[in-house]
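For reference, the structure discussed in these notes is given below.
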Amino acid sequence: MAESDFDFLVVGSGAAGMLGAITASLNGLRPLIIEKADCWGGTTATSGGVLWVPCNDLMQQQGAGDTPEAAAEYVRTLIGPDADKREIAKAEAFLEHSVQMARMLADEGFRWFRITDHPDYYPGVPGSGAGRTIESAPFDGRALGERFETMRLADLDIPAIHSGQFGSLTRAYTTPRLLLEAAGTAAGYRLRRWMGKRPLGNGRALAAALMRIVDARQIPVRLSTRLVDLTLEHGKVTGAVIESDGGREELHAPAGVLLAAGGFARNAGLRKQLQGRERTWTNAIAEDEGDAYQLATAAGAASELTDDCWWMPSIQVSEQQNGLALGLRALPGSIIVDAKGQRYMNEARSYMTTGKTMHEHGASDERHWLIMDGRFLKRYIFAELSDKAIRREMMANGFLKQAATIADLARECGLDPAVLEATVSRFNSFARSGKDADFGRGDTDYDRYWADPAHGPNPSLGEIVHAPFWAAVIRPGDLGTNGGIKTDRNARVLDAQDQPIEGLYAAGNGSGSPFGHTYPGAGATIAAAATFGYLAGLTAASRQNNRPASTGQMEMTGV
């Protein structure tokens with residue numbers, strides 16, 4: 001299909017955008033994807049690449065025993081009793097259509113892989129479970145031909161692994177078996193590269209597998225093309241003004257426009273205005289600047305959940321660089337303390353809960369510290385802290401401290417030595433007994449998922465006794481915003497009266513999450529983005545002024 005021959009405009013080339021375009025194409029529309037970056041894949045390509053899809057087909061095939069009723073009870077409990085009818089309808093739409101979205105991709109040749117034991121993020125909440133996370137099987141980038149060269153992080157040279165391997169690779173030094181597995185993974189990757197293959201895993205595998213379908217359906221993709229305005233006729237969105245190569249042009253899109261261009265994590269002005277935050281430590285891509293949100297609100301769109309984000313505790317490497325603090329918070333031999341040198345939470349809880357707790361406890365305004373002992377850094381492998389060069393950089397920047405005693409470490413961090421010594425001593429007593437009497441760390445399946453099963457009596461609690469002692473600045477970082485444009489259950493953008501703005505759709509981090517202020521499980525962000533991109537494509541194709549689709553996927557509720 002020629003770039004000039006289209007009727008549905010998709011803004012953004014991450015999971016939300018590509019799902020919207022694929023679905024629209026399958027249902028009779030002719031989509032065009034535009035992307036303001038000079039590479040495609042969006043935040044999806046930089047992510048873990050997993051999707052939280054309860055009752056997915058792989059679960060059913062493998063007899064996992066999940067039920068729609070359990071998933072619905074779980075999500076309904078998370079969004080809370082104060083959720084209104086629209087919010088409940090969005091959550092229900094996700095649960096129903098996320099399964100259909102994943103099935104549609106499988107029908108198009110997408111190969112899913114299931115993480116069978118990953119617990120949901122709120123264990124103990126009615127309906128919670130495990131194994132609801134799926135992801136792309138490893139993908140060979142050669143299948144994309146020249147397209148691969150313009151993928152975000154195309155040159156990143158790391159082994160293609162699935163998310164279930166993260167924990168065991170972190171613990172590779174702890175047993176000969178895990179070390180051999182890690183060595184085999186690295187050797188296998190190098191062999192495949194030597195054979196000319198381009199093995200991809202995680203977010204790059206997901207983005208590449210979606211792009212293969214985009215290309216197979218001959219959906220054009222225009223890079224370095226920025227959305228600068230929406231075209232409205234009689235209150236309906238019928239196209240957009242875009243900018244590329246220094247010039248502007250108006251694109252006519254009678255089937256509508258899908259805004260899937262991410263959130264506003266990198267827009268300091270919007271974060272101050274909408275969230276009241278002077279300082280943020282985001283891991284979102286540089287292009288996540290809120291363009292779509294600003295243009296949609298200028299066109300009359302209402303907003304929702306703009307005060308929140310997908311929290312992710314982050315080690316500060318430099319003023320510009322953060323490192324994700326995922327598994328290291330749950331492994332034995334570390335704790336997090338505040339500016340007084342005191343613990344204030346269960347460090348092993350989900351990154352959403354931990355990051356939000358840090359922010360509420362003042363970590364956005366003062367330095368909090370990840371306290372570790374020498375054995376911890378020798379025993380476990382982390383992307384930043386295990387790299388001696390990065391450690392030297394962090395120490396030079398003042399973001400990492402080292403000392404021979406806990407008291408000296410406290411003085412290095414500007415903490416009261418007596419307070420930090422008392423905090424560590426109390427925690428060490430919990431580690432010996434196997435029970436965190438203050439915050440219950442290590443008590444749940446989720447806490448133990450990222451912990452060390454070879455360590456006892458509690459796999460998440462380890463004494464901090466081995467010199468030298470370390471302290472890294474830890475921030476309430478984020479993966480991006482999770483609110484923005486207000487939408488309904490079919491991804492239609494709503495105005496101040498909760499009426500759809502005809503022809504305008506939104507999905508992904510630039511729109512309101514179907515989960516409110518919560519994060520149900522691993523991959524909930526991408527799953528929501530993909531599902532509402534899918535729903536946007538279905539809804540656009542089902543509008544009466546569009547020609548009918550040729551498939552049976554257009555049976556919608558409330559369109």
Side-chain angles (χ1 to χ4, degrees), residues 9-12 14 16-17 19-20 75-76 78-80 82-95 97-98 227 229-230 232 235-237 240 256-265 267 269-271 273-276 288-310 480-519 524-525 527-540 543 556-559:
L9 180 63
V10 176
V11 184
L19 255 299
V75 173
R76 184 67 181 86
L78 292 184
I79 63 176
D82 296 330
D84 60 28
K85 290 182 179 179
R86 180 192 61 86
E87 292 166 335
I88 294 171
K90 280 185 67 172
E92 291 174 343
F94 168 80
L95 291 172
H97 292 284
S98 59
L227 175 72
D229 205 357
L230 293 169
L232 283 87
K236 302 177 182 179
V237 172
V257 176
L258 167 58
L259 301 176
F264 54 90
N267 188 315
L270 282 178
R271 296 204 75 163
Q273 173 191 338
L274 300 173
Q275 300 180 334
D288 199 51
E289 300 170 308
D291 303 10
Y293 172 79
Q294 291 175 303
L295 291 173
T297 53
S303 59
E304 61 176 333
L305 300 171
T306 56
D307 60 331
D308 210 351
C309 59
W310 302 114
T481 51
N482 67 346
I485 303 166
K486 192 174 187 179
T487 58
D488 68 5
R489 63 169 289 131
N490 295 316
R492 297 180 298 185
V493 173
L494 303 178
D495 64 17
Q497 288 73 46
D498 273 359
Q499 295 301 306
I501 298 175
E502 189 170 347
L504 189 60
Y505 310 90
N509 285 357
S511 60
S513 166
F515 313 120
H517 293 285
T518 69
Y519 198 139
T525 54
T531 299
F532 283 90
Y534 167 82
L535 283 166
L538 285 179
T539 310
R543 287 171 61 200
M556 298 288 294
T557 301
V559 176

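Heavy atoms only, all atoms of each residue included: A536 and L258 are closest at CB-CD1, 3.7 Å. When all heavy atoms of G533 and A507 are compared, the pair lying nearest together is N-CB, 3.4 Å. Between F532 and A491, the shortest heavy-atom distance links the atoms O-CB, 3.3 Å.
Counting only distance, with no hydrogens or angles, the side chain of N482 and the backbone of S513 share no donor-acceptor pair below 3.5 Å. Side-chain N or O atoms of N509 include none that pairs as donor or acceptor with a backbone N or O of G262 at under 3.5 Å. A side-chain donor-acceptor contact under 3.5 Å links Q275 to the backbone of T306. In this structure a side-chain-to-backbone donor-acceptor pair under 3.5 Å is present from T481 to F264. Listed for the T531 side chain is no donor-acceptor partner under 3.5 Å among the backbone atoms of A528. D84 contributes a side-chain N or O that, together with a main-chain N or O of R86, makes up a donor-acceptor pair within less than 3.5 Å. Put simply, the side chain of R489 never gets that close to the backbone of I88: no donor and acceptor are under 3.5 Å apart.
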Check your understanding: Stepwise, does the side chain to side chain contact (heavy atoms under 4.5 Å, CB included) test hold for V493 with I501?
Key -> CA-CA 6 Å; V493 173; I501 298 175; 4.1 Å; yes
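Under the 4.0 Å criterion applied to side-chain N and carboxylate O atoms, K236 and E502 are assigned as salt-bridge partners.
Atoms CG and NZ, from D498 and K486 in turn, are 3.5 Å apart once rounded to the nearest 0.5 Å. Here the NZ-CG distance, from K90 to D488, works out to 8.0 Å after rounding to the nearest 0.5 Å.
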